[in-house]
K.L.:
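If you scroll down you'll find the structure; I have some questions about it.
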Amino acid sequence: MPDALASQVAAGEVVERPASVVKELVENCLDAGAKEVRVESQRGGVAMIKVSDDGCGMSRDDAVLSLERHATSKLMDKEGLTSIKTLGFRGEALPSIASVSRFRLVSCEHGAVEGTEVTVEGGKLREVREAGAPPGTTVEVRDLFYNIPARRKFLRSEPTEAAHIDYQVRLHALACPEARMIHRKDGRTALDVVATNDRRVRIGDLFGRDLLPKIQEIPLVEFPGMSVGGHLLPPEDARKSRRGQYLFLNGRPVDDRVVWRALEEGFRGALPAGRHPVAWLWLEMDSLLVDVNVHPAKREVRFHRPAELRGLILEAVERALRGGRRERGDLKERRTEPGAGGRPQEVGKGSGERCEQGPQVEKGETGTEQVGVRPRNEREAVAVKGEPVAPARGWQAEVQEELVAAVKAPAAPAFRIVGVLDRSYLVLEASDGLVLLEGEAARERILYERFLAGAEKGVAESQGLLVPVLLELEARDADVALRNAENFREAGMEVESFGGVTVQLRSVPALLNDADPKALLLDLVDELVQSAEGRVAKSLTFEKFAGELAKVGARGERCRMESAQGLLDQLFACDLPYCTPDGRPTLVQYSSSELRRKFGRSH
Ligand code: ADP
Ligand code: MG
C-alpha cells in the first residue's frame with residue numbers, strides 16, 4: 001500500500017476532528033519536555049491549528065523522519081508497547097495529520113545554529129529547507145480534510161469544533177501543570193495558565209479560583225503496583241454530567257468506567273440522584289498492569305487488575321470524604337505487600353524527563369525480557385536477575401505470566417459473532433460497541449497475504465485443471481495476460497500462449513480452486529487491463545498482481561454463520577487485518593459512545 005494512502009487510512013483512526021490534531025500535537029510537545037506550549041486555532045481548527053513548544057526540537061533528519069509512518073522515537077521494540085510512559089507511542093500521528101491537511105513543521109534543536117522547515121501537502125512531501133527558528137518545534141496544520149471532502153462534511157459547526165479544542169487544551173493543561181499553556185483562539189487569548197508544580201493551582205487557574213476553598217485533597221493511597229491521589233469536590237457540588245471528572249494515568253488523560261464507577265460508589269449515599277461527583281484523579285500504575293494500546297486515538301485503556309483498582313479508588317475517595325489527611329508514613333504501613341510492589345513512577349515528574357525516553361527493557365539471564373520492571377530495591381534487583389527469591393511470588397510475576405500467555409494467543413480482538421447481515425457482512429460485538437466485517441474485503445486481505453507468502457516461499461500452491469481451459473481473448477487482453485505470465489506462475493496459475501490470441505490456462509491457485517477458472521481468468525485480465533501498468537505495456541509487480549488477483553478471487557464472498565469464526569481467525573492471522581490491499585476497510589466500528597450519541601444520550 002502506498003505510504004500516503006496508508007497514512008490516510010490511519011488518519012481515519014487518529015484524526016477524527018480538529019481537536020484530535022490538537023491532542024496529538026500537544027502530547028508531542030509534552031513528550032518533548034516543553035515548558036511552554038502555545039496552541040493557536042482559527043475557525044474551530046478547521047482553517048488552522050498551530051502548536052508550538054520550547055521542547056527538545058528535532059534535527060533535520062529527525063524532522064523528515066517524523067513524517068514517515070511508524071517513525072516514532074518513543075517505541076524501541078514490540079514489547080515496549082506494554083510499558084509506554086510517554087504520551088505518544090505509535091509514530092502515526094504526524095504522518096496521518098499531514099496526509100489530510102496542508103502541513104508545515106519547523107523545528108530546531110537547542111544549541112543548533114539553524115532549524116528545519118518541512119512542508120507537506122495531502123501527504124506529499126513538498127519541501128525541506130533550512131529555516132531560522134527558536135529552539136523547539138512548531139507544527140501548523142491548515143485546511144484539515146481539504147483533500148477528503150467526505151470527512152470534512154462530517155465536521156460539526158465551528159463553535160462545536162472549537163469547544164472540543166478547548167476541552168483538549170484544558171485536559172492537557174491539567175495533565176502537565178509544569179508547562180505554561182496558552183491557547184489563542186481566532187486571534188484572542190482564550191487561556192493562559194502559568195507553569196506550576198502544584199496541581200491545585202492549575203485546577204484553580206482552569207476551573208476558577210473560587211473553587212479552591214471547597215476542593216478536598218485525596219491523600220495518596222498506594223497498593224502494590226498502583227497509587228492514586230488528586231482532588232475532589234464535596235457531594236453538594238456534584239454535577240448532572242460526568243464532564244467534571246478527569247482521570248490521568250501515568251500523566252496521560254484517559255477515560256475508564258471502572259474508575260468512574262468506583263468513584264461514585266465511594267460517595268455512596270452522599271450523592272443526590274442523577275448527580276456525578278467532580279474529581280481530578282492522578283493514577284500511577286506500573287506499566288505491566290495496564291494495556292494502553294487499545295485504540296490509537298481514543299483515551300481507552302485496559303486495566304489488568306480492575307478489582308484492585310476499584311478497591312484503590314474506593315479507599316481514596318472514602319479517605320478524602322472523611323477529611324482525614326493522614327501522613328504518608330501512616331499510609332505506607334498499610335501496604336499489604338511491602339517490598340513486592342514498589343512505588344510507581346512519581347507523580348508529576350519533570351516532563352523534561354520524557355524527552356526521548358525509551359521504554360525500560362531489561363534482559364534476565366534466562367533470556368526472557370522483563371518489560372518495564374525496574375528493580376526498586378535490592379531484593380527486586382535479585383529477582384530480575386532470575387536468582388532465587390525468598391518471598392512468595394509478587395503480583396509482578398503473576399502479571400508477567402498473564403502477559404506472556406496473552407502474547408502467545410492470537411492477536412484477534414475479542415469479538416462475539418452476533419450474526420450475518422445481507423450475506424455480505426458479519427455482525428460482531430466488540431468490547432466497545434458494534435463492528436461490521438465485510439466478507440469480500442476480509443477475503444481480499446486474506447488471499448492477498450497468502451499469495452504474497454506463497455510467492456515468497458516460491459511454493460505457490462496450485463491446482464491442476466483436468467481439462468485445460470482455452471480462451472480466445474481480444475488482442476490487447478491476450479497481450480496483457482502473457483506479459484504477466486511470470487506473475488501468474490508465481491501465484492500458482494499456469495497461463496501460456498496457445499497461438500495467436502488464444503491462451504491456455506492449465507492450473508489455478510489452490511486458494512481459489514472453487515472458482516470458475518474461465519471467469520477467474522477473464523475477470524483478472526479485465527482488472528489488469530484497467531490498472532495503470534496494464535495501459536503502459538509493462539508487467540505488474542507481483543504485489544500489485546496479487547492485489548488484483550485477491551480482488552477477483554474474493555468477489556462474491558458470502559458470509560455464513562458456520563464459517564464466521566474461521567474467517568475472523570484467518571483475517572487476524574494477517575499482518576494488516578484492518579484494510580484491503582488498496583486501503584478499503586475490512587471492519588467498521590460503531591463505538592458504544594457513538595451508539596449512545598445516536599440515541600440522543602450525551603454520555
Ligand atoms: P509518536 O508521538 O507516537 O512517536 P508522532 O507521529 O506523534 O508519533 O511523532 C513522531 C516523532 O516525531 C516523535 O516520536 C518525535 O520523535 C518527533 N516529534 C513529534 N513532535 C515533536 C515535538 N513537538 N518535539 C520534538 N519531537 C517531536
Ligand atoms: Mg505523538
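Counting starts at 1 for both ligands and their atoms, following the listed order. Both backbone and side-chain heavy atoms feed into the values below; hydrogens, waters and symmetry mates do not.
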K.L.:
Check whether any N or O atom of Leu94, backbone or side chain, sits under 3.5 Å from an N or O atom of ligand 1, and answer yes or no.
P.N.:
yes

K.L.:
Heavy atoms only, cut-off 4.0 Å: how does Glu92 contact ligand 1, side chain, backbone, both, or neither?
P.N.:
backbone

K.L.:
Can you classify the ring geometry of Phe572 versus Phe415 as parallel (below 30°), tilted (30 to 60°) or perpendicular (above 60°)?
P.N.:
tilted

K.L.:
Using heavy-atom distances only, which candidate in Glu24, Glu68, Met58, Glu27 approaches atom 18 (N) of ligand 1 most closely?
P.N.:
Met58

K.L.:
Using distance alone, determine whether Asn28 and ligand 1 share an N or O pair under 3.5 Å.
P.N.:
yes

K.L.:
Does only the side chain of Asp53 get under 4.0 Å from ligand 1, or the backbone, or both, or neither? Count heavy atoms.
P.N.:
side chain

K.L.:
Run the salt-bridge test on Glu161 and Arg156 with the 4.0 Å N-O cut-off and return the result as yes or no.
P.N.:
no

K.L.:
Could you check whether the rings of Phe248 and Trp282 sit parallel, tilted or perpendicular, using 30° and 60° as the cut-offs?
P.N.:
parallel

K.L.:
Using a strict cut-off of 4.0 Å, indicate which atoms of ligand 1 neighbour a heavy atom of Ala93.
P.N.:
6 (O), 7 (O)

K.L.:
For Asn147 and Ser99, indicate whether the former's side chain and the latter's backbone hold a donor-acceptor pair under 3.5 Å.
P.N.:
yes

K.L.:
Nearest non-hydrogen contact with atom 24 (N) of ligand 1 belongs to which option: Thr137, Leu105, Asp31?
P.N.:
Thr137

K.L.:
Check whether Arg151 reaches the backbone of Phe145 with its side chain - one donor and one acceptor, N or O, closer than 3.5 Å.
P.N.:
no

K.L.:
Of the options His183, Arg184, Lys185, which is the one that meets Ser41 in a side-chain hydrogen bond (donor to acceptor under 3.5 Å, both in side chains)?
P.N.:
His183

